[in-house]
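Taking it in order: structure first as structure tokens, then the write-up.
Note that these values count all heavy atoms, side chains included, but never hydrogens, waters or copies made by symmetry.
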Amino acid sequence: MAPAGLVVVAASFAAFRGLHQGLKLLPTPRLADTQDRWTWRNICASLVHSLLAGAGALLWMYQHSHLISDFTHSCPPRTDSLVSLSIGYFLADGVDILWNQTFGRSWHLLCHHAMVNSACLHIRTLLLLSCQTSTLVFRLACWATLATLLVFRLLPLGWMSLQLLQQHHHFPLTFSVLWGVGLFTITIMSIVLVIDLLVEWPVDPGPTLLLQKEEGQKQLGMWE
């Protein structure tokens, strides 16, 4: 990695570690469990990264749309900066997870970095933590999460798999094998996530659920 890339990694790491600390000063839903409050802050930081990296990736693809048909013969400028931004975030998030979680839970949380982050998925999780599962916003977040998983994750994974089959002769065998294993792993994780979303799909709340929601709001309150 070039020196400029290392600078971006260091700056990204410092910025997200600062964000982790700064989120402690902001109001959060009054969650009963300390770990839930940490999860809220951690997901908020992940949401910021998702928005930055997602917007950057879309802009990059718009400016270099020719790479859709051929990405083996060129590397557009600022590509390393976008990658370095995410590397800095992954390092900062890894430190946050290892500092606040037991080892048994840390490895599972660290593995989610093998998946493409979804801003809609983070928003859905924040709504779950804040007991907003019966609201219209939560339903919209569920639909948006499912749509973005299909359009921005599964379809690109299918396209990348096709590119691997067609252009594997341009790359070393080791790289092609790692590429294939990575695509297969992320595809399986994405399919499992889609199934989980469908299984946990929100239904119209009955009187019992509405009563439980009202009692929960009375006990916890909405914000600190």
Side-chain angles (χ1 to χ4, degrees), residues 1-17 45-98 103 106-122 145 147-196:
M1 182 179 292
L6 294 176
V7 171
V8 176
V9 170
S12 176
F13 175 84
F16 279 103
R17 286 302 293 151
S46 295
L47 175 60
V48 172
H49 169 257
S50 296
L51 294 173
L52 291 175
L58 290 175
L59 179 61
W60 183 85
M61 288 301 297
Y62 174 77
Q63 293 177 338
H64 308 285
S65 57
H66 64 280
L67 292 176
I68 295 178
S69 58
D70 180 18
F71 61 87
T72 62
H73 298 98
S74 63
C75 182
R78 295 186 296 276
T79 301
D80 57 343
S81 297
L82 185 60
V83 175
S84 298
L85 170 69
S86 291
I87 292 176
Y89 160 73
F90 295 153
L91 293 175
D93 196 50
V95 171
D96 188 49
I97 290 173
L98 293 173
F103 180 79
S106 295
W107 73 268
H108 175 73
L109 293 172
L110 288 171
C111 283
H112 87 275
H113 288 317
M115 305 169 65
V116 180
N117 284 284
S118 169
C120 295
L121 181 62
H122 293 324
T145 299
T148 53
L149 280 172
L150 295 175
V151 175
F152 295 109
R153 185 176 297 185
L154 292 180
L155 286 181
L157 285 171
W159 172 77
M160 293 179 68
S161 299
L162 180 62
Q163 293 297 317
L164 175 60
L165 292 175
Q166 294 178 342
Q167 306 189 45
H168 64 89
H169 56 279
H170 291 294
F171 305 101
L173 178 61
T174 303
F175 181 84
S176 297
V177 171
L178 291 175
W179 186 359
V181 172
L183 286 176
F184 178 77
T185 302
I186 297 175
T187 300
I188 295 300
M189 296 173 72
S190 299
I191 292 175
V192 171
L193 181 56
V194 170
I195 294 174
D196 289 341

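Only one option out of H169, Q163, H170 pairs with Q167 in a side chain to side chain donor-acceptor pair (under 3.5 Å); it is Q163.
L150 CG to T145 OG1: the interatomic distance, rounded to the nearest 0.5 Å, is 11.0 Å. For the atom pair D93 CG and L98 CG, the distance stands at 9.5 Å (nearest 0.5 Å).
The heavy-atom pair separating L47 from A119 by the smallest distance is CD1-O, 3.6 Å. When all heavy atoms are compared, the tightest approach of T187 to L183 is OG1-O, 2.7 Å. What you find for L157 and S190 is that their closest heavy atoms are CD1-OG, 3.9 Å.
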Discussion item. Walk me through whether W179 and H168 qualify under side chain to side chain contact (heavy atoms under 4.5 Å, CB included).
Written reply: CA-CA 10 Å; W179 186 359; H168 64 89; over 6 Å; no
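By the side chain to side chain donor-acceptor pair (under 3.5 Å) test, S86 pairs with H49, sequence neighbours left out. For L58, the side chain to side chain contact (heavy atoms under 4.5 Å, CB included) test picks out F152, with sequence neighbours left out. Remark: L173 engages V177 in a side chain to side chain contact (heavy atoms under 4.5 Å, CB included) (not counting sequence neighbours). Considering only residues two or more places apart in sequence or on other chains, V194 meets the side chain to side chain contact (heavy atoms under 4.5 Å, CB included) condition with L146, L149, L154, L198. In this structure, the side chain to side chain contact (heavy atoms under 4.5 Å, CB included) partners of L52, at least two apart in sequence or on a different chain, are F16, V48, L85.
Under the 3.5 Å distance criterion, the side-chain polar atoms of S84 are left unmatched by any main-chain donor or acceptor of V9. No donor-acceptor pair closer than 3.5 Å links the side chain of S12 to the backbone N or O of V8.
By the 4.5 Å heavy-atom criterion applied to side chains, R153 and T148 are not counted as neighbours. Side-chain contact between L164 and S176: present, with at least one pair of heavy atoms (C-beta onward) separated by less than 4.5 Å. You'll find the side chain of Y89 reaches within 4.5 Å of the side chain of S46, heavy atoms only.
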